[in-house]
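Below: the structure, in structure tokens.
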Amino acid sequence: MPEPSSIVLGIETSCDETAAAVVRGDGVVLAERLLSQLDDHRPYGGVVPEIAARAHLDHLDRLIAETMAEANLGYEALDAIAVTGGPGLIGGVMVGVMTAKAIASVHGLPFLAVNHLEGHALSVRLTDDVAFPYLLLLISGGHCQLLIVDGIGRFQRLGTTLDDAAGEAFDKVAKMTGLGYPGGPAVEQAAAAGDPARFTLPRPMKGRKGCDFSFAGLKTAVRHALDRLPEALTEQDAADMARAFQDSVADVVADRTGNAIDLFREARPNGRDLVVAGGVAANQVLRARLTDLAADSGLHFTAPPLKYCTDNAAMIAWAGLERLDTGVTDPLDFKPRPRWPLDSAAAGR
Amino acid sequence: MILAFDTTTSACTAAVCDGDTVVAERSVALERGHAEILLPMIEGVLADGSIGYRDLTGIAVTRGPGAFTGIRIGLAAARGLGLATGLPVAGVTTLEALALTAAGHTERQQIAAIMDTKRRDFFVQVFERDPSTGGVRSLGEAAVVAGDALAAHLAGVEGLSWDHLATAGDGLAQPAAPELPAGLEALSEIASPSPLSICMLARAQLGNSPSPPAPLYLRPPEARLPATRS
């Protein structure tokens, strides 16, 4: 665990949230600011990288100043600067990294380039007392992976998506059904009024060995089912399709996570926890399935509070605190990494 | 003393200037990698001049046009330095800094800054010497101009005279650069602004506690609205 009195400024700019947070080693978030660019991207039905990068530059310095003011701290009171160094949209990552390098240089502070995925992976330890090793389902707009978390910088990836991320599939289905952007909340809300028996969709990868995911075929199946509708799409059609899609995703995620639990229990008999992180962890249906699944296998299920499941800077500051404790820092010539797998042995996706 | 740097061109340059004197300067020609070398370069320049951040009175940076990522690398660093030092930060356009740089290398009265956009067109702005300040003043707005329209664009700038015109920037050094009327003096070797030019242009602003400098992209972001579903 980090030194309880250490204080780190965290910066996150890798997708469509501009965020800064000051976090102490005892887990107290002294101040945080987050600016969502949702409205900037909504007309396009997804995140536009150049629009995101421009917005990060426009707002980041002000957010940091506000965060430091609220924490009532000068930069000299910090023990390190942590910033998302990748993976993510490189234009935005650059903005955060350059800002962090500048602050670190002026005050001679350790500079920590944090893997955004490690931020998600460790965020549970900011809020909950979860010990290594644990099994992590990271499920967001950009990622869908199952990992064993053994420690800081120590991950074993059990499976990942072969094509789309789960959140990406939610966005695309929401777009096809006219439910709007972002797709996660829109699909979940519509699905609540949907008939589960109306459409039958496939369960890609379900029943197969291993822990990989695939959502591209599911998305195509949704499109074909919509194309076969005799009349223009109604609100009820959209709700029924949202329900069918969400049920399929929940089935697939439960199946793949079940396989991962078996592997985890065998490989780490002392492991006690199943943890979920990432924006899709907000989905209540999915959460309920995972809670049941963990209980059936004798694991304890933990999800960080929603604001630390989605992209945020407190998790980056926290990962920085955990890293600082190991004594490994990064040089100021660090190169931002658009791709950066957590498990260096897991090349490619 | 002012710390100045440029990451908007095919070079990464940093320097500290004291009045009209360059105290320390480093520059590397490169297409990519500004994000890696900029902060070590700044620390190197400060060390070369035995200068600390606390000895500075301001930060000056080019704010574009240029590569979008390059613009943001410099501006994010400059704004971060401004946050961390409390110093004022001034942004100057790369085109004006190029023109001022070129003004020291020619006798011509007018200078067109012409930068290659890497997208088959050019960032262009025309300046003339300003005897009252010893600097330059613009003869028109900064613009993005297609290669085959460049001559016409320049000819359309009020007061432009080919026989009094020099050009700066890497635009005319490109193999695909259009022919321009004889008479002008092409200073294509001036591809990046000198740090002294950036400092001189910034100096006027730095006294007025400027707000953080904004990028000059000259192009909207590339983004397509989705087709509406019928």
Side-chain angles (χ1 to χ4, degrees), chain A residues 9 11 13 40-41 43-65 68 74-76 78 81 83 90-109 111 175-178 181 226 232-233 331-336, chain B residues 3 5 7 12 14 32-47 52-54 56 59 61 63-64 67-87 89 91 211-215 217 219-230:
Chain A
L9 167 66
I11 295 170
T13 56
D40 298 333
H41 301 288
Y44 304 96
V47 178
V48 181
E50 178 63 20
I51 291 177
R54 291 183 180 197
H56 288 305
L57 176 65
D58 290 345
H59 301 295
L60 179 61
D61 55 351
R62 178 177 54 82
L63 290 183
I64 293 172
M68 293 297 291
Y75 294 97
E76 69 288 345
L78 299 172
I81 311 280
V83 61
I90 194 65
V93 173
M94 289 267 190
V95 170
V97 164
M98 295 312 294
T99 305
K101 283 180 177 182
I103 298 171
S105 173
V106 170
H107 292 284
L109 294 168
F111 169 77
K175 209 167 175 175
M176 285 188 264
T177 48
Y181 174 84
L226 291 172
L233 187 83
L332 289 182
D333 68 354
F334 170 82
K335 181 180 185 176
Chain B
L3 170 67
F5 46 93
T7 58
C12 185
R32 291 172 175 277
H34 299 79
E36 289 99 289
I37 70 168
L38 179 61
L39 261 299
M41 179 180 272
I42 289 171
E43 292 191 343
V45 164
L46 293 174
Y53 283 107
R54 67 179 51 126
L56 300 173
I59 314 280
V61 64
R63 62 187 188 92
F68 294 165
T69 299
I71 293 171
R72 283 189 288 266
I73 287 169
L75 280 174
R79 290 168 67 154
L81 291 171
L83 270 184
T85 58
L87 292 170
V89 183
S211 50
Y217 295 114
R219 272 190 220 273
E222 265 175 26
R224 244 182 328 192
L225 285 167
T228 33
R229 205 184 137 82
S230 51

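The shown structure was predicted, so the numbers you read here are calculated from the model rather than taken from an experiment. Here is how names work: the chains are called A, B, and so on, in the same order as the sequence lines, proteins then strands, and each is numbered from 1.
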About how many Å separate [atom2] of [Y] and [atom1] of [X], when rounded to the nearest 0.5 Å?
X: I103(A); Y: R79(B); atom1: CD1; atom2: CZ; result: 12.0 Å
X: R72(B); Y: T13(A); atom1: CZ; atom2: OG1; result: 11.0 Å
X: T99(A); Y: L83(B); atom1: OG1; atom2: CG; result: 7.5 Å

Notebook entry, point to check: Do M98(A) and L39(B) come within less than 4.5 Å of each other through their side chains, counting heavy atoms only?
Noted result: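 Yes, their side chains come closer than 4.5 Å.
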Next item on the list: Indicate yes or no: at least one non-hydrogen side-chain atom of P215(B) is less than 4.5 angstrom from one of L57(A).
Entry: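 A side-chain contact exists here, since the closest heavy-atom pair is under 4.5 Å.
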Next item on the list: For chain B, find which of I51(A), D333(A), V95(A), I90(A) contributes the most heavy-atom pairs closer than 4.5 angstrom.
Entry: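 Looking at each option in turn, the highest pair count goes to D333(A).
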Checklist line | Top contributor to chain B contacts, counting heavy-atom pairs under 4.5 Å, from D58(A), V97(A), L60(A) | finding: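 The answer is D58(A).
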Notebook entry, point to check: Residues two or more places apart in sequence or in another chain: which of them pass salt bridge (Lys or Arg N to Asp or Glu O under 4.0 Å) with R54(A)?
Noted result: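 Only E50(A) meet the salt bridge (Lys or Arg N to Asp or Glu O under 4.0 Å) criterion with R54(A).
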Notebook entry, point to check: Non-hydrogen atoms of chain A under 4.5 Å away: do they reach the side chain of I71(B), the backbone, both or neither?
Noted result: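 Neither part, no heavy atoms under 4.5 Å.
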Check: Where on E43(B) is there a heavy atom nearer than 4.5 Å to chain A: the side chain, the backbone, both, or neither?
Finding: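 Answer is side chain: those atoms of E43(B) sit under 4.5 Å from chain A.
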Note to self: Heavy-atom count check: over 12 atoms from other residues, nucleotides or ligands less than 6.0 Å from R219(B) CZ?
What the structure shows: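 Correct, the count exceeds 12.
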Margin query: Using the ring pair (Phe, Tyr, Trp, His ring centres under 6.0 Å) criterion, which residues pair with Y181(A)? Sequence neighbours excluded.
Written below: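 Ring pair (Phe, Tyr, Trp, His ring centres under 6.0 Å) check on Y181(A) returns nothing, list empty.
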Check: Relative to chain A, which of A214(B), A78(B), P221(B) shows the most heavy atom pairs under 4.5 Å?
Finding: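 If we count pairs closer than 4.5 Å to chain A, P221(B) comes out on top.
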Next item on the list: Using a cut-off of under 4.5 Å on heavy-atom pairs, state which of T69(B), L38(B), I73(B), I37(B) scores highest against chain A.
Entry: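 Highest number of heavy-atom pairs under 4.5 Å: I73(B).
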Check: Between the side chain of K101(A) and the main-chain N/O of G80(B), is any donor-acceptor distance below 3.5 Å?
Finding: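 Not confirmed, K101(A) side chain does not pair with G80(B) backbone.
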Check: Where does F334(A) contact chain B at under 4.5 Å (heavy atoms): side chain, backbone, both or neither?
Finding: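 Answer is backbone: N, CA, C or O of F334(A) sit under 4.5 Å from chain B.
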